[in-house]
Amino acid sequence: MAGLALGMSVVYLALAFGWRSWVQWRATGSTGFLGVRGPMGSLEWWGGALFAAALVLGLAAPALQLAGVLTPVDALDGGGGHAIGAVLSAGGVAATLAAQRVMGTSWRIGVDQAEATTLVTHGLFAHVRNPVFTAMITTGVGLALLAPNVIALGALVALVLAIEVQVRVVEEPYLLLTHGEAYKAYASRAGRFLPGLGRLRSSAS
């Protein structure tokens, strides 16, 4: 299944980053790609660096397994895991694209503290504040199950850590500063990654 994982990874990167950036550029004149930001070594910088590493490792893992350089972890390598991986990765890619579409011109890779984007609270965002990231983790789990080697698992860990840092350290403080009470009210009813989980307490306002 490493071949399927590699193919899915290429399609995912092409659609979720390449095609989405092109759509953003056509609509706004900007690709929406803000890159790794923050002073080197800061939490914000590490979030971006880990995210980039996760993408590179996630692409390299199935390629190296196909080349015979890596062998899968026996405990995770099997028909059942492969089937679950195929479903999760395909569903994760579709959900990523759907959530990006809901974001419209507010979609960005990274945060510019001087920029104020529209707060998106409808569609997939009605009950979950970060459906793009939820979908990306789902995709990452699926791809890791299709080619379950040590680099694929490392890529998944790096992705989860990067998303946690990006959301908690970068995006939530930015949204609170930019949207104030509107974001506090929204975050008190919508979960961070899953409905009902990770809601901000209204008393924290």
Side-chain angles (χ1 to χ4, degrees), residues 1-21 33-100 109-110 128 130-171 191-194 197-198:
M1 286 291 158
L4 178 59
L6 180 59
M8 290 289 292
S9 295
V10 171
V11 169
Y12 184 50
L13 292 175
L15 293 177
F17 297 94
W19 179 77
R20 180 63 226 186
S21 294
F33 181 76
L34 302 176
V36 178
R37 304 177 76 85
M40 182 176 291
S42 66
L43 279 175
E44 182 178 3
W45 182 88
W46 272 111
L50 282 170
F51 188 77
L55 296 182
V56 172
L57 292 175
L59 189 61
L64 291 173
Q65 187 169 314
L66 275 175
V69 176
L70 293 174
T71 56
V73 177
D74 289 337
L76 299 175
D77 192 37
H82 293 163
I84 294 171
V87 171
L88 289 179
S89 56
V93 171
T96 299
L97 298 176
Q100 289 176 332
I109 299 176
V128 177
N130 302 284
V132 174
F133 287 145
T134 301
M136 291 184 69
I137 292 173
T138 301
T139 305
V141 171
L143 293 173
L145 287 173
L146 286 174
N149 57 61
V150 291
I151 290 184
L153 297 176
L156 179 58
V157 171
L159 177 64
V160 172
L161 289 175
I163 287 174
E164 287 285 353
V165 170
Q166 180 68 17
V167 168
R168 296 172 185 270
V169 177
V170 180
E171 296 196 359
R192 182 176 281 116
F193 298 113
L194 295 171
L197 298 178

Of all residues at least two apart in sequence or in a different chain, which pass the side chain to side chain contact (heavy atoms under 4.5 Å, CB included) check with V167?
-> N130, F133, I163, E172, R192, F193
Is L145 close to V141 at the side-chain level, that is, under 4.5 Å between some pair of heavy atoms?
-> yes
Just jot down the side chain to side chain donor-acceptor pair (under 3.5 Å) partners of N149, sequence neighbours excluded, or say none.
-> Q65
Quick one: pull up CG in L156 and CD1 in I151 and give me the separation to the nearest 0.5 Å.
-> 14.0 Å
Of the non-hydrogen atoms in G142 and L88, which two are nearest, and what is the gap between them?
-> CA-CB, 3.8 Å
From L50 atom CG to W45 atom CH2, the distance as rounded to the nearest 0.5 Å = 8.5 Å
If you measure from CD on E164 to CG on L159, what distance do you get to the nearest 0.5 Å?
-> 10.5 Å
Residues A2 and A147: closest non-hydrogen pair is CA-CB, 4.1 Å
Of all heavy-atom pairs between D77 and P72, which one has the smallest distance, and what is that distance?
-> OD2-CG, 3.4 Å
Starting at CG of L76, measure out to CG of L146 and round the result to the nearest 0.5 Å.
-> 12.0 Å
OG1/T96 to OH/Y12 distance, rounded to the nearest 0.5 angstrom?
-> 3.5 Å
Indicate the atoms forming the closest heavy-atom contact of A86 with S89, along with that distance.
-> O-OG, 3.2 Å
Verify, without hydrogens or angle tests, whether S9 (side chain) and L59 (backbone) share a donor-acceptor contact under 3.5 angstrom.
-> no
Heavy-atom closest contact (A61 atom, A152 atom, distance) | CB-N, 3.5 Å
Contacts of type side chain to side chain contact (heavy atoms under 4.5 Å, CB included), residue V128, not counting sequence neighbours | P131, T134, P195
Roughly how far, to the nearest 0.5 Å, is the OG1 atom of T139 from the CE atom of M8?
-> 7.0 Å
